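Here is the structure we will look at.
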Number of protein chains: 2
Amino acid sequence: MSLLNKFIKVGITVDNVIFGFDDEQLKVLLIKRGEEPYINNWALPGYFVKDDEDIADAAKRVLKELTNLQNVYLEQVETFGDVHRHPSGRVITVAYYSLIKIQSYESQLQVGSIAQTARWFSLSEIEDLAFDHQKILDSCVKRLKLRVQSRPIGFELLPPKFTLSQLQHLYETIMETSLDKRNFRKRLLAMNLLIDLDELQEGVAHRPAKLYQFDSQRYKELVAQGKGYIFDLKEHKRKPSKVNGVHS
Amino acid sequence: MSLLNKFIKVGITVDNVIFGFDDEQLKVLLIKRGEEPYINNWALPGYFVKDDEDIADAAKRVLKELTNLQNVYLEQVETFGDVHRHPSGRVITVAYYSLIKIQSYESQLQVGSIAQTARWFSLSEIEDLAFDHQKILDSCVKRLKLRVQSRPIGFELLPPKFTLSQLQHLYETIMETSLDKRNFRKRLLAMNLLIDLDELQEGVAHRPAKLYQFDSQRYKELVAQGKGYIFDLKEHKRKPSKVNGVHS
DNA sequence: AAATTTATTGCTAAATAGACACTAAATCGG
DNA sequence: CCGATTTAGTGTCTATTTAGCAATAAATTT
């Protein structure tokens, strides 16, 4: 069949930007490569797609083998296929990002994995990634910032029970902005997508906050009804005092 | 090199959803396949990526060979790589869409092309596309609807000189909504992205409209200054009369 | 010149967004 | 135990934005 003449021998990979949130910063899970090329370099976790494997399944496999997590939010972002992006030959990679609850992460590194180690990095720490992984990361970060405004995916990064302050801080971190507390709460609660659990935080050295849960049932209903939903978090111009937010 | 063991023999293709606008409807350029599989079926124009060709270049090549157009708006959307999406073997396709001025299109079909013919279809006419092309098309249409609200790309579909009514009708068509004329004009002009050419339409059997041009210079400046720009066209609830917009 | 068709323009009411500051409830340290 | 510290929680007013609405203007056609 003449079609097959047009087939080429290439590597197809998926790379996965795994995001987590530790109540302070947005983090990304990177691996230290244990193989050439770029041995000992930090890189995005990724795998070759098998010849009988759907691409989305390969992305899930990366996640499963590195974190032992399944059924997490996973979204395809962009495909990178420049001829020379990989030093060993033609490798085309499909980039995904996923959102996991960092608290549920335990390293699952296997012997024989392509990775020596894995570690969470905050975005500002990251430098000298292997291949074109910085470009891939940037693309996924950009997509996350976009998505977070049109889908209620922030909850994927928080524990099942969270406080409104945690949620606000998450959005502030992702969007790199600051938000007004009262207006944030007003808007969030108006969406009717949060269940007040009538429980309080424990073990904190201050007034404990109420715990909430995301109402995914109701969200599904809204989507099913085709109701537009915009999680539009506008910027809040803080008073130009106390500009430095550096920890002492 | 053990890496190469993981390379597989696959077809890498690009498929391109080429959009045009004929002052009435949003159109998509399809080809009638002249080869197996799906011979005589309508399909998205696409090609195999060559082994020394960047993927984005392959997408440009599709466009160039079918329309003889270059330097048009082209955006990658999604990669489809399910194992069985192509009957002849593993073929992974990267979907792009492009926006062209339909008036400048002239068929450039080459002898020996994979296409027998090419023709513009309105979205509602399209059925029974080859492969998973309907899915690809849907994905690109969805993306276009999104993008049109965050970037001034509508102009790519109009002639260089256009009237405000044409522009409004374009947006109404893409967004599948109707917009209030006065509010539309107010908002558009407030953006300061249109140059009033002080010219009038000619050859129309009614009051001629003023012609405008998109000020891409100014748009670049705004982007360079990092000024957020939202082309946010909300829905307009028309009076519930004259619901049928069918032509006589 | 009357009929037809589309272009052009502004105001007002309603809804939304945004700024803003004090009290409450817990722990901690002396 | 009480004062200091830390974070939680809450309402109002103003400015801005959005949305609805209709009459006149300029060309062609008959």
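In what follows, chains are A, B, ... by sequence order, proteins preceding strands, each numbered from 1. Keep in mind that this is a model prediction, so the values were computed, not measured.
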Which part of the nucleic acid, if any, lies within reach of A/Ser165 when heavy atoms closer than 4.0 Å are counted: base, sugar-phosphate only, or nothing?
-> sugar-phosphate
The nucleotide from C/dT8, D/dG9, D/dT12 with an atom nearest the side chain of A/Lys186 is D/dT12
Describe, in one word, how the ring planes of B/Phe19 and B/Tyr97 are oriented to each other, choosing from parallel (under 30°), tilted (30 to 60°) and perpendicular (over 60°).
-> perpendicular
In whole angstrom, what separates A/Leu211's CG from D/dT7's C1'?
-> 14 Å
Bend angle of the helix from C/dA1-D/dT30 to C/dG30-D/dC1 from five-pair axes at both ends, rounded to 10°?
-> 10°
Between D/dG9 atom P and A/Leu188 atom CG, what is the distance in whole Å?
-> 13 Å
Can a donor-acceptor pair under 3.5 Å be found between the side-chain atoms of B/Arg182 and the base atoms of D/dA22?
-> yes
Rounded to the nearest angstrom, tell me the gap between atom CG in B/Leu189 and atom C1' in C/dA7.
-> 13 Å
Could you give the CZ-to-P distance, from B/Phe162 to C/dA7, as a whole number of Å?
-> 14 Å
Do NZ/NE/NH1/NH2 and the carboxylate oxygens of B/Glu78 and B/Lys142 come within less than 4.0 Å?
-> no
Minimum-distance nucleotide (side-chain atoms of B/Asn183 versus C/dA7, D/dG9, C/dG10) = C/dG10
If you pin B/Leu200 and A/Arg207 to their nearest nucleotides in DNA chain D, which one's is more 5'?
-> A/Arg207
Close side-chain approach of B/Asn16 to B/Leu44, heavy-atom, < 4.5 Å | no
Regarding the side chain of A/His206, the nearest nucleotide among C/dA7, C/dA26, D/dC21 is C/dA26
Which distance, rounded to the nearest 0.5 Å, do you find between the CG of B/Leu158 and the NZ of B/Lys101?
-> 7.0 Å
Would you mind telling me which residue lines up with the more 5' stretch of DNA chain C, B/Leu164 or A/Pro208, judged by nearest nucleotide?
-> B/Leu164
Only one of A/Phe21, A/Phe162, A/Tyr212 clears ring pair (Phe, Tyr, Trp, His ring centres under 6.0 Å) with A/Phe155; which?
-> A/Phe162
Donor-acceptor pair (no angle test) under 3.5 Å: A/Lys210 side chain, D/dG9 base = no
Among A/Lys181, A/Gln201, A/Arg185, find the one that has a side-chain hydrogen bond (donor to acceptor under 3.5 Å, both in side chains) with A/Ser165.
-> A/Arg185
Mind telling me whether A/Phe184 and A/Tyr171 have parallel, tilted or perpendicular rings, with 30° and 60° as the class edges?
-> tilted
Name the closest nucleotide to the B/Ala205 side chain, picking from C/dT8, D/dT29, D/dG20.
-> D/dT29
